[in-house]
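This one's a predicted model, so the numbers in the text were calculated from it and none came from an experiment. Side chains are part of it too, since the values below use all heavy atoms of this structure and drop only hydrogens, waters and symmetry mates. First listed ligand is number 1; within each ligand, the first listed atom is number 1.
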Amino acid sequence: MQQHNLLSTPLAHDAYERERLENVRPAEWRNPRPAGRYNLVVIGAGTAGMVAAYAAAALGAKVALIERNLLGGDCLNVGCVPSKAIIRTARLYAEMRDAEHYGAKIPVDIHVEFPAVMQRMRGIRARISRTDSVRRLVAAGVDVFFGAARFTGSGTLSVDGTKLRFKKTLIATGARPDTPSIPGLAEAGYLTNENVFDLTELPSRLLVIGGGPLGCELAQAFSRFGAQTIIAQDIPLFLPKEERDAAQILSEAFARDGIEVRLNTSAVGVRVEGGQKLVDLVSDDYKSTVAVDAILTGTGRAPNVEDLDLEAAGVEYDTEDGIRVDDFLQTTNRRIYAAGDVCLEHKFTHTADASARIVVQNALFAGRRRLSTLTIPWCTYTDPEIAHVGLYVREARAQDIPVKTFTIPMHEVDRAIADGEETGFVKVHVRERTDRILGATIVARHAGEMINEITLAMVAGIGLRTVARVIHSYPTQAEAIKKAADAYNRTRLTPTIRSLLRLWLKW
Ligand SMILES: Cc1cc2nc3c(=O)[nH]c(=O)nc-3n(C[C@H](O)[C@H](O)[C@H](O)COP(=O)(O)OP(=O)(O)OC[C@H]3O[C@@H](n4cnc5c(N)ncnc54)[C@H](O)[C@@H]3O)c2cc1C
């Protein structure tokens with residue numbers, strides 16, 4: 001199993017990296033002596049594990065948290081935080097190149113300082129690591145153990161030989177990159193999210209294998225830094241889960257950025273020649289070879305279920321889908337729960353967080369909170385962003401739910417026009433003949449922010465009629481949502497109501 005280890009990166013002596021390490025894995029750390037039987041032992045200190053440990057300790061529980069690598073898990077160290085930091089700089093470069101569009105002129109040639117981009121990212125990551133620091137956990141009353149956890153029975157586990165007893169346990173061991181088995185790939189060397197943020201030099205030519213959210217976000221960022229970028233995806237549809245018009249808009253945006261997207265294309269072999277990586281690609285019957293300097297794989301995530309001796313605890317699992325849980329996040333051992341990427345279909349930081357909160361209530365306070373009641377939005381942070389919540393039209397149709405959709409293109413929104421950010425749309429689906437929101441897709445520069453308004457409306461049971469009554473500050477891009485609600489309201493003006501109104505006004 002590939003494991004990112006900060007201590008072994010070439011950047012271990014960078015001041016920002018030292019600060020991060022001091023926060024998330026201090027060198028002088030000594031594990032505490034186990035304090036009897038814990039109310040909750042948490043395995044894995046990513047988002048799910050940290051949220052659960054804090055929440056349980058705040059409620060008075062005796063909590064132990066075990067981490068084999070770095071506190072903060074993927075999100076802080078090799079996921080959301082570093083990716084969003086470099087995406088921001090990539091956007092700046094794209095905007096600088098587009099300066100004339102905004103009536104500005106950059107008086108010099110734009111030169112990408114890749115080491116500075118990565119240094120800024122490391123600075124941001126170090127700063128955010130303060131929130132995930134061991135000091136904060138200890139101050140909150142959590143016993144922190146560094147080491148690999150494995151079960152030794154249905155009520156015990158050990159951390160590198162130290163035995164811990166528990167009433168309840170949460171498995172929050174996350175997931176890792178699921179690397180494709182392509183002959184020659186391992187020998188040639190490749191990047192995943194676990195080492196791509198250690199780069200100090202920009203690869204001139206990059207092949208991204210896999211066109212999911214991770215592949216798309218990083219492909220666009222690296223392309224904007226100046227890497228000649230190809231995405232190879234083995235299925236015929238780009239962003240297959242998203243609505244087709246959303247995927248089409250992103251595909252056009254990628255073409256403008258100079259990214260070559262090859263669909264229905266599999267990488268079948270890799271070899272190194274003259275210092276470059278030659279990758280054989282097959283698209284139907286067409287074979288080609290591309291020469292690149294780096295290969296980034298983004299072909300999915302595999303749950304971390306091995307190495308835990310789950311059999312000893314009677315916890316059932318699957319190496320693809322992870323730990324088997326019911327709607328209350330309970331495993332096949334009633335004292336053991338799971339949360340986050342190790343068991344969920346939607347592998348996001350906010351779902352790791354939400355599922356951890358469910359576990360604390362259900363495991364420690366006999367709660368009956370269900371995973372299925374959550375309304376989960378998500379966003380792919382490309383430019384434009386694609387965000388979604390609730391049902392897609394195809395899902396509603398599959399469930400025989402009649403749907404009516406209200407779509408507002410961003411080029412009808414004053415703020416989007418003023419900002420030169422007109423690409424995209426807001427699309428809200430309601431149940432036909434009602435204003436009940438079933439779902440929404442937003443493609444826009446700030447879609448990830450805008451989707452929260454729809455999510456709030458769905459969770460609070462607020463329909464489009466009420467959204468239409470909410471005053472939105474002018475000019476904001478979120479006005480697109482208000483316009484969709486206004487469009488719904490206009491449908492309430494049936495011919496009968498219209499003629500009644502006309503009669504009233506005449507009178
Ligand atoms: C490049 C990238 C970008 C992303 N961007 C976003 C984004 O913008 N927004 C978003 O919502 N999500 C994003 N994600 C997903 C997000 O990072 C994950 O969903 C989230 O980190 C899951 O949290 P977790 O706690 O379940 O697992 P993790 O963060 O993976 O934490 C699990 C922890 O368990 C530890 N562990 C594993 N096995 C053991 C063991 N046996 N003993 C002790 N410890 C163990 C691991 O070392 C790890 O620290 C991104 C992911 C990637 C890869």
Heavy atom under 4.0 Å from ligand 1: found in [X]'s side chain, backbone, both, or neither?
{"X": "C75", "result": "both"}
{"X": "A172", "result": "backbone"}
{"X": "Y381", "result": "side chain"}

Check each atom of ligand 1 against the heavy atoms of [X] and keep those under 4.0 Å away; list them by number with element.
{"X": "G340", "result": "26 (O)"}
{"X": "G44", "result": "33 (C), 34 (O), 35 (C), 44 (N)"}
{"X": "S83", "result": "3 (C)"}
{"X": "G46", "result": "25 (O), 29 (O), 31 (O), 33 (C)"}
{"X": "N69", "result": "47 (O)"}
{"X": "L70", "result": "49 (O)"}
{"X": "K347", "result": "15 (C), 19 (O)"}
{"X": "G79", "result": "1 (C), 2 (C), 3 (C), 4 (C), 52 (C)"}

Polar atom proximity, [X] to ligand 1 (N or O, under 3.5 Å):
{"X": "N193", "result": "no"}
{"X": "D307", "result": "no"}
{"X": "R301", "result": "no"}
{"X": "F348", "result": "yes"}
{"X": "A149", "result": "yes"}
{"X": "E217", "result": "no"}
{"X": "A339", "result": "no"}
{"X": "R68", "result": "yes"}

### Task
Mark yes when over 12 heavy atoms from residues, nucleotides or ligands other than R127 sit less than 6.0 Å from its CZ; otherwise mark no.
no
### Query
Would the number of heavy atoms belonging to other residues, nucleotides or ligands and lying under 6.0 Å from CD of Q228 be above 12?
no
Would you please say whether a donor-acceptor pair under 3.5 Å links the side chains of [X] and [Y]?
{"X": "T351", "Y": "S355", "answer": "no"}
{"X": "R130", "Y": "N23", "answer": "no"}
{"X": "E395", "Y": "H429", "answer": "no"}
{"X": "N195", "Y": "Y190", "answer": "no"}
{"X": "E311", "Y": "Y317", "answer": "yes"}
{"X": "Q330", "Y": "Y337", "answer": "yes"}
{"X": "S372", "Y": "D327", "answer": "yes"}

### Task
Using the salt bridge (charged side-chain N to carboxylate O under 4.0 Å, His left out) rule, take R176 and D74 through it: C-alpha gap first, then chi angles, then the decisive distance, then the call.
CA-CA 9 Å; R176 62 184 187 280; D74 275 10; over 6 Å; no
Closest by any non-hydrogen atom to [atom]: pick that one out of [options].
{"atom": "atom 50 (C) of ligand 1", "options": "G147, G448, A175, C80", "value": "C80"}
{"atom": "atom 12 (N) of ligand 1", "options": "V24, N304, T349", "value": "T349"}
{"atom": "atom 1 (C) of ligand 1", "options": "I66, L214, L308", "value": "L214"}

### Query
In terms of the angle between their ring planes, are F225 and F222 parallel, tilted or perpendicular, with boundaries placed at 30° and 60°?
perpendicular
### Query
Do the ring planes of H388 and W378 sit parallel (below 30°), tilted (30 to 60°) or perpendicular (above 60°)?
tilted
### Query
Can you tell me how far CD1 of I209 sits from CD1 of I182, rounded to the nearest 0.5 angstrom?
4.0 Å
